[in-house]
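Presented below is the structure to which this report refers.
Position 1 is the first residue of the sequence; numbering continues from there. Keep in mind that this is a model prediction, so the values were computed, not measured.
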Amino acid sequence: MKPGYEAVIGLEVHVQLRTRSKLFCACRNAYGAAPNTHTCPVCLGLPGALPVLNGEAVRLALTLGLAVEARIQPQSAFYRKQYFYPDLPKGYQITQGPVALVEDGHLDIPGDARVRGTDAPVRIRLERAHLEEDAGKSHHDLDGMASHVDLNRAGVPLLEIVGAPDLRSPQEASDCLKSLHRLVVALGICDGNMEAGSFRCDANVSLRRTGDPAFGTRVEVKNLNSFRFVRQALEHEMDRQAALLEGGEPVRMETRGWDASAGETRSQRTKEAAMDYRYFPEPDLPPLRVDPAEIEAARAALPELPDQQIRRWREAHGLGMDEAQALAQSPAFAAYFEALARACGSGRGAAAWMLGEVSRTLNERGISIEAFPLAPEALGELVRLVEARTLALGTARDQVFPALLAGEGSARTIVAQKGLAQVSDRGAIEALVAQVLAANPGPVAQIRDGKEGLKGFLVGQILKAGQGRLDARLVNEMLAEALAKP
Ligand code: ADP
Ligand code: ZN
Ligand code: MG
């Protein structure tokens with residue numbers, strides 16, 4: 001983007017709540033069932049059917065509200081938002097009105113140093129989170145003849161979370177979305193499956209001249225179903241708006257869709273074509289009142305939050321922010337890391353293995369940590385051998401870890417059977433050092449003349465002579481001793 005402009009971004013996220021049944025009826029809330037098998041008169045919008053609010057959905061919404069330190073409104077109401085679309089059988093969506101169940105929360109995310117000059121945490125306000133029902137799903141590509149509608153999703157509970165325009169770069173937008181995603185998954189209120197549409201994001205973005213206190217005209221970008229798309233779409237949209245402003249043209253207030261294959265946003269509807277939804281209070285539902293006891297029960301049931309976990313790990317193990325965030329990527333990954341750290345006695349060692357070999361294996365096999373074949377205790381034994389300098393890191397990574405994965409026995413057994421233990425025997429190392437020095441009189445003379453840089457070459461030769469199993473620290477130490485002798 002052209003220098004001299006600043007981006008202002010606000011996110012709107014739709015989180016599908018993991019309830020057993022839908023928001024206003026007893027139909028199952030289940031993804032992937034045969035089309036139109038989870039429907040009833042209420043979610044089909046048949047005349048005379050009456051909605052009944054699902055208490056479980058309220059509890060999950062409260063959980064999110066408490067986790068983001070929001071205010072829980074003791075009373076809020078449902079409204080009808082009218083519009084016509086084939087996947088909306090009632091002709092209106094039930095959503096919340098001017099007062100939302102959850103208001104004024106916040107998330108703390110690392111600031112983008114490129115735009116703020118520091119990566120100190122910034123507080124992103126969450127204006128509100130309200131309950132509403134999802135629509136059904138239209139399929140336009142099942143055959144060449146007609147569009148089809150699947151109403152299994154109609155009436156599935158959504159929590160719409162509206163973020164304040166506090167973000168200043170695509171990086172911050174993506175970090176904020178990741179933080180929210182980690183949180184809803186850790187709280188168990190959403191399965192977090194972005195491809196299946198359980199966690200959907202729209203992003204609003206405007207530009208202003210750097211230093212200008214007023215906001216510019218915003219554009220809403222829809223259909224951002226991956227963190228990468230959020231960044232790409234915002235970057236593209238910022239470039240598009242900057243080009244307009246540079247050319248002296250106004251930015252139009254509109255909704256645009258992200259076309260991932262074309263790598264650009266396309267206009268969907270303009271402000272002039274904006275619909276009047278004719279909101280009015282839903283006459284078939286009483287006001288939503290929350291009992292303070294219910295709030296306290298939800299508060300007592302809160303697990304340790306990802307941000308708290310990240311802080312605790314950073315303090316206890318001296319981990320970097322990026323490392324700690326990566327470890328908190330999912331509750332199962334975090335739990336595995338904690339078990340591994342306990343088993344091997346080293347947080348740093350466990351973190352390095354989780355983000356190194358374990359992640360590489362998961363990526364290669366296309367599996368998640370739940371399907372990782374090794375128990376934390378089994379891997380912990382290997383990490384412990386490395387930490388105790390019984391096993392060289394390279395040997396552990398290249399030989400013992402694959403054998404462990406292949407089910408060849410415990411780390412200790414594999415090391416013993418294959419004779420892979422790290423050599424820390426001074427006598428053995430001394431002999432190899434002498435052997436390499438004798439074989440390289442030229443480099444040795446040059447080092448003694450002050451060419452210190454050649455030492456690395458000798459270390460390499462010695463390690464090679466020891467088949468990669470020598471304790472590298474001892475090798476360096478003993479080489480220095482040998483060279484110091486006349
Ligand atoms: P509406 O009244 O149309 O719902 P809101 O003011 O509630 O609009 O904002 C909707 C979303 O747009 C929020 O996520 C908010 O953060 C974001 N937003 C509002 N104004 C701007 C702006 N000037 N630039 C970028 N995002 C904005
Ligand atoms: Zn139903
Ligand atoms: Mg709004």
What pair of heavy atoms forms the shortest contact from L224 to A203, and how long is it? CD1-CB, 3.7 Å

Could you go through S368 and E370, starting from their C-alpha distance and side-chain angles, then the distance that decides it, and tell me whether this counts as side chain to side chain donor-acceptor pair (under 3.5 Å)? CA-CA 5 Å; S368 65; E370 286 92 335; 2.9 Å; yes

Under the salt bridge (Lys or Arg N to Asp or Glu O under 4.0 Å) test against E254, which residue among K222, R218, R240, R269 passes? R240

To the closest 0.5 Å, what do you measure between CG (L355) and CG (L327)? 4.5 Å

Side chains of R200 and D134: does their closest heavy-atom pair fall under 4.5 Å? yes

Do F78 and F24 have their ring centres less than 6.0 Å from each other? yes

Any non-hydrogen side-chain atom of P110 less than 4.5 Å from a side-chain atom of Q325? yes

Do M238 and Y5 come within less than 4.5 Å of each other through their side chains, counting heavy atoms only? no

Within the structure provided, determine whether K22 and E133 are in side-chain contact (heavy-atom separation under 4.5 Å). no

Gap separating the CD atom of Q16 from the CG atom of L158, nearest 0.5 angstrom: 6.0 Å

Kindly list each side-chain donor-acceptor pair under 3.5 angstrom involving residues 372-379, sequence neighbours excluded, with atom names and distances?
none

Can any side-chain N or O of D150 pair as donor or acceptor with the backbone N or O of K137 at less than 3.5 Å? no

Just verifying a value: how many Å separate D112 CG and D175 CG, rounded to the nearest 0.5 Å? 8.0 Å

Shortest non-hydrogen separation from A328 to W313 and the atoms involved: N-CZ3, 3.7 Å

Could you check whether the rings of H317 and F337 sit parallel, tilted or perpendicular, using 30° and 60° as the cut-offs? perpendicular

